[in-house]
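Let me give you the structure first, and then I'll get to my questions.
Remember, it's 1-based here, ligands and their atoms both numbered in the order they're listed. All residue numbers in this chain count up from 1 along the given sequence.
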Amino acid sequence: MKEIKLFINGDFRTSEKSFISENPANGEAVAKVYLPTNKDIDDAVDAAEAAFYSAEWRAMDQNKRAEILEKISEKLKERRNELTELEIADSGSCVRKAKADVHNAASYFKVLAGQLRKFKFEVKDEGASRPGFSHNYKVYEPVGVCAQIIPWNFPLVMAAWKIGPIIASGCTTVLKSAQETPVTASILAEIMNEAGLPKGVVNIITGGAAEGEYLLKNSKVRKVAFTGSTAVGRKIMEAAGTRLQNLSLELGGKSANIVLDDADLSIAVDGALYAFLYHSGQACDSGTRLFVEEKIYPAFKEALIKRVADVKVGLPNDPATGYGPVINKKQFDTIMNYIETTKKEGGKLLFGGARQTGEGLEKGHYIQPTLFEVTPEQTIFNEEIFGPVLAITPVKNEAEAIKLANKSIYGLAGAVWSKNQDRALRVARQLETGTVWINEYHLLNPGMPFGGYKQSGIGREMGEEGLKAYLEVKHMWVSDCDEREKKPWFDAIF
Ligand code: NAD
């Protein structure tokens, strides 16, 4: 069986604690995984600190760091088959999703390298500088030692989005992968060594809440970057507040998908299903609230119910499968509880609502794609489920759609479907959310920022904003008043 060790200061080590990670599709053992002790976590932070102040890392220029990012990208591509298989077994991702994840992680490192080569770490501000008086620079410098925590839904991509800007910015980190899915981050560790990343720049451990809390407490950690649920994000922000750590949060969502009455129905129906069923509903940006204008609602609903039956349910490693299990029994139970609550609250079940049965699915955590017609008071309209359950609400018009879409503590993503681009843009501009697609869903561009409004997060990943999240900015004032009499302000004290 594969062994997943702790990656500290460029070396792989075991520890006295371990567990067996299981395949969500069939319960089979995937790997023996070592959990860090507190001493291991401290060692990892010490290694990150030593690397941050090491002459080698400090002196490494941005082109050399970009080269390392490009090498990582290449090596991810070289090992794509192995990474895909491991991601499928460890996270229950379907083949097509797992392949896309490996591709997306590799292309993220490549795009980031391009951004890094062009990024200006020193910018003279012509507006602020005055000839004969001063010239003023903004100097971007790495924040320092970071602690990064990721969830289980896109293990390799989440690790890439965290580690990429560490290397690009010149920071160092201890990344904690989710205990549910620790495998592919460990392969990334091997790849970083092969790509020539200096020891200690990136350290990788795994574990749950206890290991995460212990890591964040270390006084050497200057920045915390967390991706996960809003509930845990809130706790992390409270703790970071007492320590005044720099903080980035990528949290939950309850994204609105708005179908206007002039949408192309066949595309919008497939789009609405893709928006909430991708990765069995375990994507943070899932379109889990669907608003449809009344005029087309009956036809749309009928088409949606018919089409959902075409979703290809199966074992994740079958290339034909488009829809697999949810991550574990705990998540299965949470989702089933939401389904029961919705039934009790009077939500109208349109499709699904039970365990998914079928040949070979008995040992996995499968739930039927589930469609409910609900009103805004009902629980599933408001709470993130993180599973394959769609809350559908007909709306009178565009204005009502916007109002209800914004009636949420979340603001991560959303979409508008219409053949009239101006109309769609008008609606999109009024949505309080970090990403809006028009006639599209889930696609991300590594050159563009991703993150949330409201309780979906603070800060952005990817794009220039994602790099700047790991940089401090220093104002460098260079005086051109080189004679004492040109400095009359000194006289304020004489
Ligand atoms: P979670 O909040 O339960 O756990 C996330 C990570 O935090 C895990 O590594 C976990 O071990 C760790 N953790 C848990 N409690 C902790 C604590 N008290 N201190 C420190 N670390 C702690 O979330 P999850 O169930 O793993 O993931 C699903 C959630 O992640 C959903 O809410 C989803 O929307 C969100 N998510 C957001 C984004 C985004 O970019 N906004 C991306 C993916 C997932």
**Complete:** min-distance protein heavy atom vs atom 33 (C) of ligand 1 -> Phe386 CE1, 3.3 Å
**Prompt:** Would you say Gly452 contacts ligand 1, with heavy atoms under 4.0 Å as the rule?
**Reply:** no
**Request:** Starting from atom 16 (C) of ligand 1, find the nearest protein heavy-atom neighbour and note its residue, name and distance.
**Result:** Val232 CG1, 3.4 Å
**Prompt:** Measuring to protein heavy atoms, does anything land under 4.0 Å from atom 4 (O) of ligand 1?
**Reply:** no
**Request:** Could you check whether the rings of His442 and Tyr274 sit parallel, tilted or perpendicular, using 30° and 60° as the cut-offs?
**Result:** perpendicular
**Message:** Less than 4.0 Å is my threshold; does some heavy atom of Gly207 fall inside it relative to ligand 1?
**Reply:** yes
**Item:** Identified ring pair (Phe, Tyr, Trp, His ring centres under 6.0 Å) counterpart of Phe450 within the set Phe154, Trp437, Trp161
**Value:** Trp161
**Request:** Begin from the C-alpha positions of Ser21 and Asp90 and carry the test side chain to side chain donor-acceptor pair (under 3.5 Å) through to its verdict.
**Result:** CA-CA 7 Å; Ser21 136; Asp90 200 30; 2.9 Å; yes
**Ligand-side contact atoms (ligand 1) for residue partner Gly212, heavy atom cut-off under 4.0 Å** = 20 (C), 21 (N)
**Geometric cation-pi criterion, Lys97 with Tyr278: 6.0 Å, 45°** = no
**Residue pair Asn337 / Thr334, side-chain donor-acceptor N/O under 3.5 Å** = no
**Asked** Are Asp285 and Tyr441 linked by a side-chain donor-acceptor pair shorter than 3.5 Å?
**Response** no
**Item:** Which residue and heavy atom of the protein sit nearest atom 2 (O) of ligand 1, plus the separation
**Value:** Ser229 OG, 2.6 Å
**Asked** Any heavy atom of Glu384 sitting closer than 4.0 Å to ligand 1?
**Response** yes
**Message:** What protein heavy atom lies closest to atom 24 (P) of ligand 1? Include the residue and the distance to one decimal.
**Reply:** Trp152 NE1, 3.4 Å
**Request:** Please say which of Lys403, Lys407, Lys454 ends up in a salt bridge (charged side-chain N to carboxylate O under 4.0 Å, His left out) with Glu432.
**Result:** Lys454
**Thr227, portion touching ligand 1 at heavy-atom distance under 4.0 Å** = both
**Request:** Identify the residue among Glu472, Glu464, Glu465 that makes a salt bridge (charged side-chain N to carboxylate O under 4.0 Å, His left out) with Lys468.
**Result:** Glu464
**Prompt:** Should you measure from each heavy atom of Asn153, which atoms of ligand 1 turn up under 4.0 Å away?
**Reply:** 43 (C), 44 (C)
**Asked** Is Phe226 near ligand 1, meaning one of its heavy atoms is under 4.0 Å from it?
**Response** yes
**Item:** Atoms of ligand 1 close to Ile236 [distance to a heavy atom under 4.0 angstrom, numbered from 1]
**Value:** 20 (C)
**Request:** Give the ring-plane orientation class for Phe119 versus Tyr140, where under 30° counts as parallel, over 60° as perpendicular and anything between as tilted.
**Result:** perpendicular
**Item:** Distance from atom 11 (O) of ligand 1 to nearest protein heavy atom, with residue and atom
**Value:** Lys176 NZ, 2.9 Å
**Message:** Among all the protein's non-hydrogen atoms, which is closest to atom 36 (N) of ligand 1, and how far away is it?
**Reply:** Cys284 CB, 3.4 Å
**Message:** Looking at every non-hydrogen atom in both residues, tell me the closest pair between Thr321 and Leu315 and how far apart they are.
**Reply:** OG1-O, 2.8 Å
**Message:** Here's a test for you: under salt bridge (charged side-chain N to carboxylate O under 4.0 Å, His left out), which of Lys75, Arg65, Arg117 qualifies with Glu70?
**Reply:** Arg117
**Proximal ligand 1 atoms for Leu412, defined as those under 4.0 Å from one of its heavy atoms** = 41 (N)
**Item:** Atom indices of ligand 1, in the order listed, that fall short of 4.0 Å to a heavy atom of Ile149
**Value:** 6 (C), 7 (O), 9 (O), 12 (C), 20 (C), 21 (N)
**Request:** Could you establish whether Phe154 and ligand 1 come within less than 4.0 Å of each other, counting only heavy atoms on the residue side?
**Result:** no
**Prompt:** Just distances here: any N/O of Glu461 and N/O of ligand 1 closer than 3.5 Å?
**Reply:** no
**Asked** Which class fits the ring pair His365 and Phe332: parallel under 30°, tilted 30 to 60°, perpendicular over 60°?
**Response** tilted
**Message:** Applying a heavy-atom cut-off of 4.0 Å, say which part of Leu215 lies close to ligand 1: side chain, backbone, both or neither.
**Reply:** neither
**Prompt:** Which ligand 1 atoms does Phe450 reach within 4.0 Å, using its non-hydrogen atoms?
**Reply:** 40 (O)
**Message:** Quick test: of every protein heavy atom, which one is nearest to atom 19 (N) of ligand 1, and how far off is it to 0.1 Å?
**Reply:** Glu213 CG, 3.4 Å
**Complete:** The option among Gly228, Gly457, Pro151 carrying the non-hydrogen atom nearest to atom 35 (C) of ligand 1 is Gly228
**Request:** Would you mind listing which atoms of ligand 1 come within a distance below 4.0 Å of any non-hydrogen atom of Ile150?
**Result:** 6 (C), 8 (C), 9 (O)
**Message:** Are Phe276 and Tyr323, when compared by the centres of their aromatic rings, separated by less than 6.0 Å?
**Reply:** no
**Asked** Can you tell which part of Leu251 has a heavy atom less than 4.0 Å from ligand 1: side chain, backbone, both or neither?
**Response** backbone
**Asked** Atoms of ligand 1 less than 4.0 Å from Gly208 heavy atoms?
**Response** 11 (O)
**Output field: ring centroids Phe386/Trp152 closer than 6.0 Å** = yes
**Item:** Side-chain donor or acceptor of Arg13 paired with backbone N/O of Lys5 under 3.5 Å
**Value:** no
